[in-house]
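Have a look at the structure below, then the notes.
For the single chain, residues carry numbers from 1 onward in sequence order.
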Amino acid sequence: MASPSIIAVDETSEVLNILLHVTYNISAQKYGPRVDAISGALSALVKYGLPVPEAGSEVWALLLRQAHEDPVRVYALGASYVMENVCIGASEHTLKVSLSSLSESQAVEIGPLYLRRLFFLHLGRVEALRRILRAAVEDHSPATSCSGEDRETLHRHWRAARAEILSKDLPQNTSEADMLSTLGPIFSSIVCIQCKEQLQRRVDAVIRDWGRIKRSI
């Protein structure tokens, strides 16, 4: 009986394992493959002339599960294989990353189309945040219980809070909790009940409008 042939391959055992599972359409979920292993398996498919899995395949779902840990890498892989659903899912997680940290190789892997869309997402959210915060708190009808000093204090603190939110490192990733932690203390700086009611309306509108801004490409 002839001995089985031994073929040497360049891939690591982890990459080869994922490659074989993908090739024979067997679930690799139990292995919890890392981004590097999935990337290596996808490259090996191309190298050996095998078809890249379609959009609904498990390998892309496994890749997306890593997006919270390595969003730019996952987005770049999705872009390089034109996997729209992967890019959409990963793009939201990139909001916690400054795009100025992108390396040249990552930019090349992502490609001009998906790179443009990623920049538009980040810059568009910053501009939307600036627009949402721009308007001051509206003054209420004149009342003897409210001094002009109270109103001026309210407007001054609003401007300061707006500047603080916009000057943070990653304004595009501002959360509702971030908003409330910055805008909330304004309430304690004013005495007038009507001013507080106007402030509450303004804060509610900001939270509502910010929640409507897209978080993905």
request  = Given side chain to side chain contact (heavy atoms under 4.5 Å, CB included), test Arg162 with Arg130 step by step and report yes or no.
outcome  = CA-CA 8 Å; Arg162 178 178 62 196; Arg130 185 177 290 111; over 6 Å; no

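- A 4.5 Å side-chain heavy-atom check between Leu42 and Ile18 finds every atom pair outside the cut-off.
- Contact of the Cys87 side chain with the Arg117 side chain is not registered, since no non-hydrogen atoms from C-beta on lie closer than 4.5 Å.
- Within the 4.5 Å cutoff, the side chain of Arg73 has heavy atoms near those of the Ser39 side chain.
- The local environment of CD in Glu152 is crowded, with over 12 non-hydrogen atoms from other residues, nucleotides or ligands closer than 6.0 Å.
- Its side chain within the 4.5 Å cluster rule, Leu166 clusters with Leu129, Ile132, Leu133, Val137, Leu154, Trp158, Ile165, Met179, Leu180, Leu183, Ile186, Phe187, Ile190, Leu199, Val203, Val206, Ile207, Trp210, Ile213 among the Ile, Leu, Val, Met, Phe, Trp and Tyr residues.
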Between Tyr75 and His93, is a ring pair (Phe, Tyr, Trp, His ring centres under 6.0 Å) present by the stated rule, with each step listed?
CA-CA 9 Å; Tyr75 184 86; His93 296 283; over 10 Å; no

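- Closest heavy-atom contact between Ala55 and Met83: CA-SD, 3.7 Å.
- Contact of the Arg125 side chain with the Asn173 side chain is not registered, since no non-hydrogen atoms from C-beta on lie closer than 4.5 Å.
- For the pairing with Val22, the side chain to side chain contact (heavy atoms under 4.5 Å, CB included) check across Val52, Leu62, Val59 returns one residue only, Val59.
- Taken from CD in Gln198 to SG in Cys195, the straight-line distance is 8.0 Å, to the nearest 0.5 Å.
- Hydrophobic clustering, with ILVMFWY side chains joined whenever heavy atoms are under 4.5 angstrom apart, keeps Tyr114 apart from Leu77.
- Between Asp36 and Val15 the shortest side-chain heavy-atom distance does not fall below 4.5 Å.
- Note: Leu50 CG to Thr23 OG1 = 5.0 Å, rounded to the nearest 0.5 Å.
- In this structure the side chain of Leu123 never reaches within 4.5 angstrom of the side chain of Glu127, judged on heavy atoms.
- Note: the hydrophobic cluster containing Val82 does not contain Leu64 (ILVMFWY, side chain heavy atoms under 4.5 Å, direct or indirect links).
- Side-chain heavy atoms closer than 4.5 Å link hydrophobic residues (I, L, V, M, F, W, Y) into clusters, and following such links, possibly through other members, connects Val35 to Leu16.
- Remark: the Ser98 side chain and the His122 side chain contain no N/O donor-acceptor pair separated by less than 3.5 Å.
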Cys192 and His140: side chain to side chain contact (heavy atoms under 4.5 Å, CB included), yes or no, with the steps?
-> CA-CA 10 Å; Cys192 174; His140 56 75; 3.5 Å; yes

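- When hydrophobic clusters are built by joining Ile, Leu, Val, Met, Phe, Trp and Tyr residues whose side-chain heavy atoms come closer than 4.5 Å, directly or via intermediates, Leu99 is grouped together with Ile110.
- Contact of the Ser57 side chain with the Glu54 side chain is registered, since non-hydrogen atoms from C-beta on lie closer than 4.5 Å.
- Note that the CZ atom of Arg151 and the OG1 atom of Thr153 stand 10.5 Å from one another [nearest 0.5 Å].
- Pairing each heavy atom of Leu115 with each of Ala107, the nearest pair is CD2-CB, 4.1 Å.
- Donor-acceptor pairing under 3.5 Å is recorded for the side chains of Asp178 and Ser175.
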Exercise for the section: Please assess Gln29 against Glu58 for the test side chain to side chain contact (heavy atoms under 4.5 Å, CB included), listing each intermediate value before the final yes or no. Expected result: CA-CA 8 Å; Gln29 182 175 349; Glu58 183 198 54; 3.5 Å; yes

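- Within the structure, every pair that satisfies the salt bridge (charged side-chain N to carboxylate O under 4.0 Å, His left out) test and touches residues 90-115, not counting sequence neighbours, is listed here: Glu92-Arg215.
- Between Leu95 and Leu170 the shortest side-chain heavy-atom distance does not fall below 4.5 Å.
- Between atom OH of residue Tyr31 and atom NE2 of residue His21 there is a gap of 3.5 Å, rounded to the nearest 0.5 Å.
- Here the straight-line distance linking atom OG of Ser43 with atom CG of Leu19 works out to 10.5 Å at 0.5 Å rounding.
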Margin query: Using side chain to side chain contact (heavy atoms under 4.5 Å, CB included), reason through Val72 and Leu102 one step at a time and then give a plain yes or no.
Written below: CA-CA 8 Å; Val72 174; Leu102 280 178; 3.3 Å; yes

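- Two different hydrophobic clusters hold Val74 and Ile88 under the rule that ILVMFWY side chains link at heavy-atom gaps under 4.5 Å.
- The two residues Leu45 and Pro53 make their nearest non-hydrogen contact at CD1-CD, 3.6 Å.
- Sparse packing is recorded around CG of Asp169, with 12 or fewer heavy atoms of other residues, nucleotides or ligands lying under 6.0 Å away.
- Remark: Asp204 does not engage Arg201 in a salt bridge, criterion side-chain N to carboxylate O under 4.0 Å.
- For the pair Thr94 and Ser91, the tightest heavy-atom approach, listed with the atom from each and the gap, is OG1-O, 2.6 Å.
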